[in-house]
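Residue numbers start from 1 in every chain, and the chains themselves are labelled A, B, ... in the order their sequence lines are given, proteins ahead of strands.
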Protein chains: 2
Amino acid sequence: MVAQPSPPALPRGRRDARGERRRAELLDAAIDLIGAQGIDGVTHRAVAAAAGVPAASTSYYFRSKDELIHEALRTLAEREIERLRERRAALGDAVADLDETTEALAAWIEEQLTPAGRVAMLAQYQLQLEAARRPEAREILQAWKDGTDDLSETAMRSLGASDVRTSGILLVCAIDGLRLRLLASGHAPLEGDELRGVLRALLVGLTAGRPKRV
Amino acid sequence: MVAQPSPPALPRGRRDARGERRRAELLDAAIDLIGAQGIDGVTHRAVAAAAGVPAASTSYYFRSKDELIHEALRTLAEREIERLRERRAALGDAVADLDETTEALAAWIEEQLTPAGRVAMLAQYQLQLEAARRPEAREILQAWKDGTDDLSETAMRSLGASDVRTSGILLVCAIDGLRLRLLASGHAPLEGDELRGVLRALLVGLTAGRPKRV
DNA sequence: AAATGTCTTGGACAACTGTCCAAGTCCTGT
DNA sequence: ACAGGACTTGGACAGTTGTCCAAGACATTT
């Protein structure tokens with residue numbers, strides 16, 4: 001019996017730091033592809049080419065294409081959740097001004113309309129559609145959603161909203177719909193001031209809502 | 001020179017009613033596939049199988065897969081635009097109550113959470129993502145967007161909102177984000193009354209917004 | 001009934017895909 | 001220095017894909 005040179009393409013115990021790095025590069029490339037071409041743009045060969053490595057690499061680091069995609073989506077969510085945590089921490093318990101919140105939101109959205117931001121956004125929406133079909137993707141999305149809801153609630157609280165849960169959800173949904181509209185239309189409309197006007201109206205509406213019960 | 005039996009798979013002038021019907025069936029099958037499996041679930045063979053016709057049919061009626069997909073998305077949009085027009089006409093210029101508008105919105109959303117509604121919704125969001133990448137899809141979406149904006153503005157006007165353009169856009173975006181959230185989470189949350197509570201809060205906010213200018 | 005076009009369809013083809021292998025390289029602990 | 005394991009990679013394989021063709025079925029007009 002010949003000594004098996006390595007586990008048959010199942011990197012169970014990874015030791016090498018190189019390997020870890022290459023794996024991360026492959027995931028980066030996969031995330032970019034998801035954003036730029038859609039989930040089905042992710043093929044072993046395309047990912048390898050985008051990462052500048054030989055084609056067989058992807059098969060070595062991931063048991064299957066499904067696992068590769070799953071890990072890519074998980075990594076994407078992980079990163080974004082980390083960002084949410086930072087923003088949440090920065091917000092703290094301070095009382096916020098309506099104008100500065102408007103400005104912060106607008107700046108955040110505009111940042112996402114850069115080419116790189118667009119790709120990241122597209123990948124995120126792709127994940128949402130995937131979650132609508134596959135429960136595994138839904139699990140990935142869950143923590144992300146909790147993060148955005150939490151951040152949004154905090155923002156509404158610091159604006160003095162009455163029902164922070166409801167208005168928090170509404171803020172998340174409205175922003176999500178707005179971003180998708182900007183994406184889908186090539187973000188031609190709602191430039192600069194108009195974006196701010198819409199955001200301001202939204203925040204005004206959500207804070208002015210009386211604590212009415214149903 | 002042998003007499004060419006037919007234009008080489010380019011059905012320029014269609015006469016036969018049979019052909020028109022089969023073409024429509026293929027488009028139906030393609031739309032369903034887009035919703036159920038995503039745009040890349042659309043393959044010549046899968047569409048033909050779903051429509052219950054031989055595989056070569058799709059190549060006869062559509063010059064390429066791209067055209068098949070494009071036509072399917074166009075048909076999807078066409079149908080939905082027609083529905084929007086009906087609703088718009090039903091709304092008319094009447095003054096609406098906040099409660100009945102809430103109920104109408106909730107009923108409409110709940111109708112979309114049925115299995116068939118889910119598939120249609122998924123196809124729509126797929127089109128939005130496609131539009132983010134391809135200008136051709138953007139053209140398809142344009143008329144649809146105009147229709148929803150128009151309906152939404154009308155609704156806000158009949159609720160007595162001050163700035164119907166801004167609040168109309170916000171209503172569209174919030175509903176769009178809300179539907180996506182319901183889709184992505186398997187619409188477990190926001191059942192029944194909570195959905196109505198959120199919708200009501202949204203409408204209250206959008207109508208209570210003072211006519212503030214930036 | 002014959003002609004003229006559309007429609008129908010089984011089969012073929014090259015290109016691409018996911019996956020796997022076998023032989024090599026490199027690093028690390030001893 | 002050397003052994004053992006992780007890493008690397010070119011190539012191969014079968015399955016799926018988009019597209020096309022050629023031969024026939026069908027309908028309608030002449």
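At the phosphate of dT8(D), neither OP1 nor OP2 sits under 4.0 Å from any side-chain N or O atom of Arg23(A).
As a whole-Å value, the separation of Leu68(A) CG from dT19(C) P is 10 Å. Between Leu26(A) atom CG and dG18(C) atom C1' the separation is 16 Å, expressed in whole Å. Between Tyr60(A) atom OH and dC21(C) atom C1' the separation is 14 Å, expressed in whole Å. In this entry the distance linking CZ of Arg21(B) with C1' of dC26(D) reads 14 Å, nearest Å. Rounded to whole Å, atom P of dC7(D) lies 8 Å from atom CD of Glu20(A). A straight line from CZ of Arg45(B) to C1' of dC20(D) spans 11 Å, rounded to a whole angstrom. One atom, CD of Glu25(B), and another, C1' of dC7(C), lie 14 Å apart when rounded to the nearest Å. What separates NE2 of His44(A) from C1' of dT9(D) is a distance of 15 Å, to the nearest Å.
Comparing Lys65(A) and Val53(B) by the nucleotide of DNA chain C whose heavy atom lies nearest to each, the residue mapping closer to the 5' end is Val53(B).
Residue contacts for Val42(A): at a heavy-atom cut-off of 4.0 Å it reaches the sugar-phosphate backbone alone, with no base atom in range.
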Enumerate, atom names and distances included, each donor-acceptor pair closer than 3.5 Å involving a side-chain atom of residues 47-55 of chain A, sequence neighbours excluded.
none

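Under the 4.5 Å side-chain criterion, counting only non-hydrogen atoms from C-beta, Leu202(B) is not in contact with Thr102(B).
Side-chain atoms of Arg179(A) and Gln124(A) include a donor-acceptor pair closer than 3.5 Å.
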**Message:** Pair Thr154(A), Arg88(A) - check side-chain hydrogen bond (donor to acceptor under 3.5 Å, both in side chains), show working.
**Reply:** CA-CA 7 Å; Thr154(A) 305; Arg88(A) 164 65 217 259; 3.2 Å; yes
